[in-house]
*Asks:* 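First the structure, which I've put down as structure tokens, then a few questions once you've had a look.
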2 protein chains.
Amino acid sequence: MINKVIAGDCLEKMKLIEKSSVSLIYLDPPFFTKKKHVLSNKERTKVFSFDDLWENNKGYAEFLNARIEVMRDLLKEDGSIFVHCDKSAQHIVRAILDNVFGVENFQSEIIWSYKRWSNSKKGLLPSHQNIYFYSKSKNFKFNTVYTAYSETTNVDQILQRRTRDKHNKSIYDTNEVGEAKYSGQKKGVPLNDVWDIPYLNPKAKERVGYPTQKPLILLERIIQLTTNENDLVLDPFCGSGTTCVAAKLLNRNFIGIDQSIEAVQLSQTRIANPVKTESNLLKKGRSSYVNKDKEALSLLSGLEYNAVQRNKGIDAILVNSFRDSPVLVRVQKPNELLSEAASLLAKAMESKKSKKSILIQTNHDEQPNEVIALKGIVVLKSLPLQIESSLGSEEYLKKVS
Amino acid sequence: MINKVIAGDCLEKMKLIEKSSVSLIYLDPPFFTKKKHVLSNKERTKVFSFDDLWENNKGYAEFLNARIEVMRDLLKEDGSIFVHCDKSAQHIVRAILDNVFGVENFQSEIIWSYKRWSNSKKGLLPSHQNIYFYSKSKNFKFNTVYTAYSETTNVDQILQRRTRDKHNKSIYDTNEVGEAKYSGQKKGVPLNDVWDIPYLNPKAKERVGYPTQKPLILLERIIQLTTNENDLVLDPFCGSGTTCVAAKLLNRNFIGIDQSIEAVQLSQTRIANPVKTESNLLKKGRSSYVNKDKEALSLLSGLEYNAVQRNKGIDAILVNSFRDSPVLVRVQKPNELLSEAASLLAKAMESKKSKKSILIQTNHDEQPNEVIALKGIVVLKSLPLQIESSLGSEEYLKKVS
DNA sequence: CGTCTGCTTGAATCGCACC
DNA sequence: GGGTGCGATTCAAGCAGAC
């Protein structure tokens with residue numbers, strides 16, 4: 001029975017599994033979403049009753065409830081269940097899980113959050129999915145995971161305000177509690193319930209073309225949290241078999257079940273030859289892509305622009321265009337000559353067919369020359385530079401710079 | 001009735017509000033969660049029925065349903081409702097909202113995500129809350145907000161127009177010569193439904209009936225998304241009045257209702273003097289109140305200055321002085337005439353004995369006059385203004401502004 | 001008024017070209 | 001000829017327009 005993918009209805013097939021033998025069940029059940037959900041009472045004035053909800057979703061709730069009850073029996077006392085949930089069925093799934101496992105065994109609502117392509121939807125762009133985590137008992141197995149200090153570390157430092165003390169010395173502001181902010185190297189923070197995991201990318205090799213395919217790393221995390229090696233993992237709606245692949249890679253035993261023969265075959269192929277995407281984004285982190293310092297971009301404050309990260313010549317592109325060509329912006333970097341900055345920008349202008357671009361000068365060692373202007377580059381002094389010169393350099397410039 | 005905070009049960013007090021007059025309702029209802037949730041059927045073998053759920057939560061569901069039905073009537077046709085939801089009551093709230101507003105008017109589940117200090121709890125660290133967003137009709141008011149592109153996005157995607165070739169493959173569009181076609185204005189990525197808003201103030205205990213204080217920026221974002229100026233915002237469980245404060249700061253009308261007299265009084269105090277009370281808030285967590293000033297001050301990026309929070313005339317004082325007198329800085333505010341800004345600054349200069357000050361012009365409707373210069377005020381145009389004029393207003397200024 | 005098809009879109013990878 | 005910068009490609013959500 002172990003380490004297999006079985007075709008059939010899980011209600012039947014689960015009978016073949018020994019009770020109290022499974023450590024973790026993960027499921028992403030099918031959701032038969034009726035697009036047309038017509039309420040009998042158009043006025044909606046009637047007193048609310050759960051019976052309506054029941055009637056409207058009776059078939060589905062019974063379908064799921066019957067199966068989840070069996071799953072509960074299969075779980076060990078220290079076992080856990082993770083239910084991946086469509087947003088249209090959240091309340092039904094929650095109600096069933098509360099019923100079968102008990103409210104007291106609700107552990108977490110996990111938010112899988114990701115960035116994705118946009119569309120023209122009116123309203124907010126959907127970019128998360130919900131996973132409910134229940135345990136069979138209070139004594140569930142749980143391996144606390146510490147997350148690496150993420151981008152937030154940076155953000156917090158940026159958020160931290162600098163101020164001056166009474167001796168006019170620059171110090172970091174502390175809050176009323178006087179908390180020292182991330183001074184040393186911490187081991188990390190305990191994993192929280194919002195997981196930022198990239199969506200399975202269109203170009204990912206991991207992709208097998210199955211509609212609801214989940215990233216391996218999502219399943220790996222779930223498996224690592226609640227099982228040890230050689231424990232048994234069950235996925236009763238296994239689809240393309242991601243759960244089984246993850247279990248195999250982590251030396252757990254697994255059982256997968258799916259109605260569709262094609263899904264079972266696909267799963268078997270994947271298990272035989274697992275492919276895991278070595279995602280650059282995951283390996284290096286989001287911040288590794290950021291090559292523009294916040295300071296440079298903050299000089300553009302008040303402008304409507306799109307920041308550009310993956311380009312040497314440009315820091316931003318203005319939202320408004322000039323004669324149907326893009327207006328590029330570059331901020332002169334510290335220790336960079338104005339002429340160097342201009343030549344990088346000029347190169348970018350050529351390849352991007354830009355007719356007019358802005359170079360923001362942050363250092364007054366050099367004067368812009370005519371060559372720069374001929375290329376269509378407008379040099380503007382940053383406000384601090386302008387302030388310095390307007391105040392007259394002799395008195396004002398006490399600072400070294 | 002407008003711009004007031006009223007004490008009492010919202011079911012009663014909402015009767016005083018004109019029907020179809022409210023543009024936005026935000027509520028964080030109290031959740032009377034029974035910790036001891038005893039199921040009649042200990043074995044949990046019985047066939048699942050929604051009636052159990054109903055019976056167990058009957059009182060609460062009726063309480064909330066009755067009030068939400070009234071709220072629906074108060075909303076304009078293009079109005080929206082945002083319900084802040086405790087994780088223990090999600091399914092009840094969703095069911096009620098589906099019932100009253102209809103599944104087809106479900107717009108988003110907003111995840112408010114924040115970082116929290118770790119605790120020793122076994123399991124995942126809870127670090128999000130859920131907000132349900134329903135509209136009254138399909139034609140709800142929505143002001144799309146655009147955010148920055150992902151760090152991994154490359155320039156060409158922002159700049160170039162794309163098309164499909166004969167094999168339906170997505171390619172970059174080129175002209176006859178093979179040059180890339182410029183795609184025109186790109187605004188950025190529409191705001192998504194996972195909002196990372198810091199919440200440094202550790203949530204005290206669990207909910208005990210008194211609503212926890214929300215960050216202003218959370219409410220500001222909700223209000224900006226779904227209302228325009230002078231629209232009416234209602235918070236039927238307003239607690240400490242954050243919704244009302246946010247509405248006031250954004251020039252929206254508001255009505256707040258709360259059972260507790262103390263809450264109403266606290267709200268009134270905060271509304272009467274948002275600046276003062278909000279600056280107390282700052283110690284706990286820098287709320288969005290800083291927003292407005294922060295925006296102005298970021299124009300000074302690269303300068304060493306001290307921000308000035310509570311002064312009508314000045315936004316900052318430069319660290320370096322001019323002839324042993326302080327250099328004051330003021331940024332022209334939106335809807336403020338340059339002459340107004342100058343006279344406020346001049347007044348501040350007098351009291352601070354400043355010989356030289358900087359006025360940053362952000363609006364080009366008015367030209368600085370000699371009187372201003374005589375007072376020792378140097379007027380500098382903000383970078384956006386300088387860019388506009390350098391690009392030549394006739395072509396660049398397609399935007400209205 | 002449904003149903004179908006096509007278009008636009010952003011993220012994140014792959015792989016080419018350029019030093 | 002090895003590293004890398006950045007241009008090219010892929011995919012699916014969701015609307016618009018066709019029929």
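Below, read A as the first sequence line, B as the second, and so on, with proteins coming before strands; counting in each chain starts at 1.
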*Asks:* Distance-only check: which donor-acceptor pairs under 3.5 Å involve side-chain atoms of residues 342-350 of chain A, not counting sequence neighbours?
*Replies:*
{"from": "A/Ser343", "atom 1": "OG", "to": "A/Glu340", "atom 2": "O", "distance (Å)": "3.3"}

*Asks:* Return the value, rounded to whole Å, for the distance between atom NZ of A/Lys115 and atom C1' of C/dG10.
*Replies:* 10 Å

*Asks:* Just jot down the ring-ring contact (aromatic ring centres under 6.0 Å, His included) partners of B/Trp112, sequence neighbours excluded, or say none.
*Replies:*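 Once residues adjacent in sequence are excluded, the partners of B/Trp112 under the ring-ring contact (aromatic ring centres under 6.0 Å, His included) criterion are B/His84, B/Tyr114, B/Tyr199.
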
*Asks:* Angle between the end axes of the helix from C/dG2-D/dC19 to C/dC19-D/dG2, five pairs per end, to the nearest 10 degrees?
*Replies:*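 Roughly 30° between the end axes, to the nearest 10°.
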
*Asks:* Between atom NZ in A/Lys122 and atom C1' in D/dA16, what is the gap in whole Å?
*Replies:* 16 Å

*Asks:* From CG of A/Leu200 over to C1' of D/dT10, roughly how many Å is that when rounded to an integer?
*Replies:*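 The distance from CG of A/Leu200 to C1' of D/dT10 comes to 12 Å, rounded to the nearest Å.
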
*Asks:* So what does B/Ile171 hit on the nucleic acid, given a heavy-atom distance under 4.0 Å: a base, only sugar-phosphate, or nothing?
*Replies:* sugar-phosphate

*Asks:* Using atom names, set out every protein N or O paired with an N or O of nucleotides 6-9 of chain C below 3.5 Å, distance rounded to 0.1 Å.
*Replies:*
{"from": "C/dT8", "atom 1": "O4", "to": "B/Arg164", "atom 2": "NH2", "distance (Å)": "3.4"}
{"from": "C/dT9", "atom 1": "O3'", "to": "A/Ser118", "atom 2": "OG", "distance (Å)": "3.4"}
{"from": "C/dT9", "atom 1": "O4", "to": "B/Arg164", "atom 2": "NH2", "distance (Å)": "3.2"}

*Asks:* Going by salt bridge (Lys or Arg N to Asp or Glu O under 4.0 Å), name the residues that satisfy it together with A/Glu220, two or more places apart in sequence or in a different chain.
*Replies:* A/Lys276

*Asks:* Between C/dT13 atom P and A/Tyr114 atom OH, what is the distance in whole Å?
*Replies:* 16 Å

*Asks:* Excluding sequence neighbours, so at least two apart, what forms ring-ring contact (aromatic ring centres under 6.0 Å, His included) with A/Phe237?
*Replies:* none

*Asks:* Below 4.0 angstrom, which residues in residues 150-159 of chain B have at least one non-hydrogen atom near DNA chain C?
*Replies:*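 Hits under 4.0 Å, by residue number: B/Ser150, B/Thr152, B/Thr153, B/Asn154, B/Gln157.
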
*Asks:* Round to a whole Å and report the spacing from NZ of A/Lys312 to P of D/dT4.
*Replies:* 11 Å

*Asks:* Base, sugar-phosphate or nothing for A/Lys352? Non-hydrogen atoms, less than 4.0 Å.
*Replies:*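 Sugar-phosphate contact only - A/Lys352 comes under 4.0 Å of backbone atoms but never of a base.
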
*Asks:* Between B/Tyr134 and B/Phe101, how do the two ring planes meet: parallel, tilted or perpendicular, split at 30° and 60°?
*Replies:*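 Judged by the thresholds at 30° and 60°, the geometry between B/Tyr134 and B/Phe101 is tilted.
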
*Asks:* Can you name the residues that form a side-chain hydrogen bond (donor to acceptor under 3.5 Å, both in side chains) with A/Asp235, not counting sequence neighbours?
*Replies:*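 Testing A/Asp235 for side-chain hydrogen bond (donor to acceptor under 3.5 Å, both in side chains), a comparison that skips the adjacent residues, returns A/Thr243.
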
*Asks:* Taking the nucleotide of DNA chain C with the nearest heavy atom to each, does A/Arg116 or A/Lys347 sit closer to the 5' end?
*Replies:* A/Arg116

*Asks:* Got a sec, which residues hit salt bridge (Lys or Arg N to Asp or Glu O under 4.0 Å) with A/Lys214, two or more places apart in sequence or on another chain?
*Replies:* A/Asp28

*Asks:* The criterion is salt bridge (Lys or Arg N to Asp or Glu O under 4.0 Å); which residues satisfy it with B/Asp78, sequence neighbours excluded?
*Replies:* none

*Asks:* Restricting to salt bridge (Lys or Arg N to Asp or Glu O under 4.0 Å), what partner residues turn up for B/Asp156, sequence neighbours left out?
*Replies:* A/Lys352

*Asks:* In whole angstrom, what separates A/Arg310's CZ from D/dA8's P?
*Replies:*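 Atom-to-atom, A/Arg310 to D/dA8, this comes out as 12 Å.
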
*Asks:* Test side chain to side chain contact (heavy atoms under 4.5 Å, CB included) on A/Glu109 and B/Asn130 and set out the steps.
*Replies:* CA-CA 10 Å; A/Glu109 178 188 45; B/Asn130 309 51; 3.0 Å; yes

*Asks:* B/Asp173 has an atom CG; how far is it from atom P of D/dG7, in whole Å?
*Replies:*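 Checked: the CG to P distance equals 17 Å.
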
*Asks:* What's the CD1-C1' distance between A/Ile317 and C/dG10, to the nearest Å?
*Replies:*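 Going from A/Ile317 (CD1) to C/dG10 (C1'), I get 14 Å.
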
*Asks:* What salt bridge (Lys or Arg N to Asp or Glu O under 4.0 Å) pairs are there with at least one residue in residues 266-275 of chain A, not counting sequence neighbours?
*Replies:*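 Passing the test, one end in residues 266-275 of chain A: no pairs.
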
